[in-house]
Structure formats: structure tokens, C-alpha cells
Amino acid sequence: MRATQLYAPTLREFPAEAELISHKLMMKAGLIRKAAGGIYSYLPLGWRTIRKIEKIIREEMDAEGGQEIMMPITQPAELWKESGRWAVYGPEMMKLEDRHGREFALGPTHEEMITSLIRSEVKSYKQLPLMLYQIQNKYRDEIRPRFGLMRSREFIMKDLYSFDKDIDGMNVSYDKMYNAYSRIFTRCGLKFRPVEADNGAIGGGHSHEFTVLAPNGESSIAYCESCNYAASDEKAELKVITAEAEEMKPLEKVSTPNCHTIEMVKDYLQVPIEKTIKAVAFQDDDGRLILAFVRGDHEVNEIKILNAVEGALHLHMAEDSAISAAGGCAGFMSPIGIKDDTAIVVDSTVMEMYNAVAGANEVDVHYINVTPKRDFDAKKIIVTDIRMVKEGDPCPHCGKALKMTRGIEVGQVFTLGNKYSKALNATFLDENGKEKYFEMGCYGIGVGRTAAAAIEQNNDEHGIIWPRAIAPFEVVVVPVNAKNAAQLEYSEKIYEELKAAGIDTILDDRKDRAGVKFNDCDLIGYPIRITISPKTIDENTIEVKIRKTGEVYTFNRDEYKDKVCELLKDL
RNA sequence: CGGGGCAUAGCGCAGUUUGGUAGCGCACUUCGCUUGGGACGAAGGGGUCGUGUGUUCGAAUCACACUGCUCCGACCA
């Protein structure tokens, strides 16, 4: 490719609408352009990167036995009503009607579609296991699209679905995908971690998110440096923190005027925050009151509460009236004296406390000397881990202090079990002629998000620093003055030679000043730049500059190819 | 959906308070000159001022409504 023919509209300045560095750079370097909120065109440079990521994904999916297919974007509403997700996904789905008034959705995901495809065709265990995937546009009517390709409404996703005859088979498929994902993100040159993730309402199976480490990431993960444990903040398990046993003093009410936050209570009563019990009140979709209690210095993890309370699907903050109705008092709550039909969830660590401070369910009154294992009615409470992890908490595997970091979720592997095969009645006959539901798994990778994550992780003040594997071009050849026939001719030879050697090369034959071209090259982020000048022609050499490190090398004309190949290996 | 902000040439912005001939930088076209880190000079082209309604002799400017974008929040791959 020649730069004079390439459509790469680089900008002199960042567009005002972009916030995140990857979004700014993708716009400025001419990789993407916006068509509407969260909807983008991919320009040649951006698309080349996307295609390279897709190629890596295809190779690794195929290597594990995946077969590529292509399913429709437009999906009939009936399918979604059958699985019950028409309502669940609700406003998140891009919906449309045809001329006859029939309802369709633009597919946000394809579990329904593929299950219906399989259920009428695959009838025997002999046809299993089966792994089918596609790389396809997906649609989610995000409440708030932002950050360019990071959170868009139309996005490219690879999704593979596995079908197995039993749970063991499903787990084999899961492991294959887990391994494939590790190879894919490694090949893309990304620093990432597979982290244990929450399965949400599906439950049962297991799930990992593949998270690219980046300070601007939207998700927060906890990880251990001494063992390999890593989990999303919502999932991270926490051990009980035991407190030193104390003599249990008698329960007593004290006046705490206007102390409705833990901070105020602790200061007023002059007790350490670890001696206080914090209450958070929620209601679920049915209006049922759910009270959660954690130690004063801890935060509650809503996902863990949902998992602990049977039948709860969503939580929202409780109305004061609901709290009063249950015998509680907002700002001064404890489990003591709450009515029976309330779900009370107490963090395991709270049960270890002695002589603590908790609300008395009366305005401006707290209890002191609360010892939960004596004062809480064990029959009425659910005791489990409901804390949100924080930096320094002990690792659930090895006990060392956990660290927190932020990241971008670029892929997720997920076992589904028979959730969808059951909902859509997709069955096969096993060895004994018995009808069974498929055991499924689903495995997604956000392709555009992977590209954005790579930029998020690899950039400097000059622009993008592409990992070689996903760079739009690996090498750019720049004659400092393309109007000079000798330089252009020399550069073209180098360009042709590199192409012949299988290196993805672009010739910057634009007649601009050298500075303009250098700045564009840095912005676009080609891993290696080869500069041709009168000096290099005289010396029969070429000059190589590494984008990532800024190192400059001079190589002889007759040996430069091997040297360049050698350098590329590390980029 | 709640709360802020913004909408003027391809991009970045001024002009709006105090109504009166549409402006700047970059980009673009032509010519000259220049060529190792976004040169310089000269001459040009390009805008229904987001949309609609209203006030006014006159609206980018004032009023109302709508739309779009953006940030914070709840939600999510």
C-alpha cells in the first residue's frame, strides 16, 4: 500500500467529543468515524487492525475444533419470547417491525438463534460435541454509549456456542475455549488476566472474564501476586475476618442524636470503625425488604446479596416507608427486632464481632455491646459473605494481601448448562436412547473493544504504539523527500523487497515535508519506521526506528531484511 | 430515565451578555519557494449559524418547543 492512495484522514487535533485516549486516538489517526451515537464506520487502517484480530481469533477457534458459520442479525421476536428474554432484555434490544407489523430484534447475542438452529438438526449424541462460531455485528441499545468502540451500540463480536451431551463434555469445551482465549490475547500482544466472574442469574456453571489491564478500564478486579487468583470485584470471595474474643458485655441502648451515618456514630461514641455494624436496606422487584449488614469499614456487594437471597433478581434502595413497616428505622438499623418477613443478610465477618455498635431501630438510638452471635436470631438471618473486596483483603486461596486494578473486559467464557436448550426444548438421544437437553457454553470476544483495549494499553504522547500482530501495517518506509526521484526509487525497492519477504509494509510516498510524515507515522503507530534519506543512499544503508522504544538502528542494504524480521519478533 | 454542559465551514473555536453586512486557526484548491519532526508568501473555494414556531423593520444573537451530541449518576459485554 502507498500512503498516497490510502484513505487515512488523520486529524490535527482531537475531536471534542472523545474522552478516552483510545477513542481520541482512533479518531485522530483516522481509524474510525462516527455515524451516530455508539455507531461507527471503520476506515481502512482501523479495519485492517480489526481484520488482523479476527484472523487470530479464527485460527485459534479453528484449532480447537470450532466451525465458522454466519447467522442473521435480524431475529424474529417469537424466538426471544420463547426463551423468555424478550422481556428480560427489553429496552436493551434494538427492535423493528416489518411491513406486516411482525416484530424483529437486531441480535444482541445469538443463544436463541443457534439453539433453534441446532434443535431441529442435531438429534444424536454421535453428532456431539459441536462448536460453532461467528464473527458478527451485534446490537445493544446501550443506555449510554460512550468511549468509541469500547461501549458502542453496534459492535463486532465473535461468539462461539458449544453443545455437549453432558456436563463433563461441556467442561472440556469450556477448557478448550479458556485456553484458546489465553492464546488469542497473548498473540494480540495484550497484558491481560483471566478473572473469575459472577454467573449472575444463570448460576451453576463457571465463568471467566478476560480482562485487559488498563487504568481507565470500566471493570475492577482483585488479584493475588503470590498465587494466581484473580476475580472481578463482584465475584471475589472473601474469608471471614475473626476478631479477638472478648468478654460479652450486656446489650445497652445509648442516645446518638442525629448520628445516621457510620462516620458520625463512630466519632460520637469514640469507637473504632471496626467496632461498628453498618446497615444497607434494599428492596427487590417484588418490593420485599432486604436488609444487609456489614462491618462499618466494609462495603456491601449487591451481587453477593442477590445470590444469597432466593428469588431476588434486582435490588434498589429501599423506601423509608418499607423500612418503618418492617420495624426498622433508617439510619439506625440492626437485625434486632425486625419483623419476620424481611430478608436479613449478615456478612460472616459481622458474626465474629464482640461488643459492637449497631442501630437500635429507634431514631437517635444505637445499641452498644452488640455481640451478633448472641444477639442476632440465628433462625431469622442469612449469614454469608456479602462484602465488596478492597485492596489488602486476604486472598481466598493463599491468604496474602489482594491487590486491586482496573481493566477492560474483552472476552468472557461461560457455561450455560441446559438453560437455553430447556427453554427452547432442544434435545438429542443419548447412548441409551434417552432424550436429553444439550449442555451448552457460550464464549464471546468483543473485537472492536479488543482493538480499543490494545490502544488503551499501548500509547504515548505521540499516538498509538501497535503491537506488531494487530498493527495495520508492520513497517512503514519513509523517503524524507518523496519529490526526490532517487529517494523515491530507493524507497520503492526497499518497500518491494519487504513485501516480497512477507512483511506487511506501507510506503509513505506523500510529497509532504518529513516532519508531517513522521508525526503521522507516530500517530498511526506503525511498529517500525524505515527512513530513507540522501545519507542512507550514499552509505547504502537504511535507518530503522522502533516506535515503541524510540531506538534507531542503521543497517546495511544487503542484510537489513533479516535484521528487520528479527526486530519485529519482539514487537 | 434524573442532573449539568454544548450545537456557528471537514476539524478546533470566537461572535450571543448589549439584535443590524458570517469571523479566526488548521485542513482544502492554485502558484511560488522550502524539504530529517506538523515551514513560508500570494491568490482562492467552502457555512439554510442543529430543527421548528414566535417576538421584531431586522434574529447566529431574544422567547418557547423539539432534536442531536457530551459529562456525572443508576444499568451493562
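So that the names make sense, note that chain A is the first sequence line, chain B the second, and so on, each numbered from 1.
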**Request:** Describe the nucleic acid contact of A:Gly37 in one word from base, sugar-phosphate, nothing, applying a heavy-atom distance below 4.0 Å.
**Result:** sugar-phosphate
**Item:** A:Arg557 NZ/CZ over A:Tyr490 ring centroid, <6.0 Å and within 45° of normal
**Value:** yes
**Item:** Contact under 4.0 Å: A:Lys34 side-chain N or O vs B:rG68 OP1/OP2
**Value:** no
**Complete:** Here the distance between atom P of B:rU70 and atom CG of A:Leu20, to the nearest Å, is 13 Å
**Request:** Counting Watson-Crick and G-U wobble pairs only, both distances under 3.5 Å, name the nucleotide matched with B:rA65, or none.
**Result:** B:rU51
**Message:** Can you confirm whether A:Ile135 sits close enough to A:Ile156 that some side-chain heavy atom of one is under 4.5 Å from a side-chain heavy atom of the other?
**Reply:** yes
**Request:** Determine, for nucleotides 34-41 of chain B in 5'-to-3' order, which nucleotides have protein heavy atoms under 4.0 Å from the base (write B), from only the sugar-phosphate (write S), or from neither (write -).
**Result:** BBBBBB--
**Message:** Does the plane of the ring in A:Tyr40 sit parallel, tilted or perpendicular to the ring in A:His23? Use 30° and 60° as the thresholds.
**Reply:** perpendicular
Could you list, one pair per line, each protein nitrogen or oxygen that sits under 3.5 Å from a nitrogen or oxygen of nucleotides 73-77 of chain B, together with the distance?
| from | atom 1 | to | atom 2 | distance (Å) |
| --- | --- | --- | --- | --- |
| B:rC76 | O2 | A:Arg151 | NH1 | 2.6 |
| B:rC76 | O2 | A:Arg151 | NH2 | 2.4 |
| B:rC76 | N3 | A:Arg151 | NH2 | 3.4 |
| B:rA77 | O4' | A:Arg140 | NH1 | 3.2 |
| B:rA77 | O3' | A:Glu409 | OE1 | 3.1 |
| B:rA77 | O3' | A:Glu409 | OE2 | 2.2 |
| B:rA77 | O2' | A:Arg449 | NH1 | 2.9 |
| B:rA77 | N7 | A:Glu142 | OE2 | 3.3 |
| B:rA77 | N6 | A:Ser152 | N | 3.4 |
| B:rA77 | N6 | A:Ser152 | O | 2.8 |

**Prompt:** Taking any strand in view, what nucleotide pairs with B:rG12 in a Watson-Crick or G-U wobble way, both distances under 3.5 Å?
**Reply:** B:rC24
**Asked** Taking the six-membered ring for Trp, is the centroid-to-centroid distance between A:Tyr161 and A:Tyr443 below 6.0 Å?
**Response** no
**Request:** If the plane angle is over 60° it's perpendicular, under 30° parallel, otherwise tilted; pick one for A:Tyr174 and A:His208.
**Result:** tilted
**Same-atom distance (C1') from B:rG20 to B:rG15, integer angstrom** = 14 Å
**Asked** Rounding to a whole Å, what distance do you find between A:His23:NE2 and B:rC69:P?
**Response** 12 Å
**Prompt:** Any idea how A:Phe185 and A:Tyr181 line up, ring-wise: parallel (<30°), tilted (30 to 60°), or perpendicular (>60°)?
**Reply:** perpendicular
**Item:** Pair A:Glu497, A:Tyr560: side-chain N/O donor-acceptor within cut-off below 3.5 Å
**Value:** yes
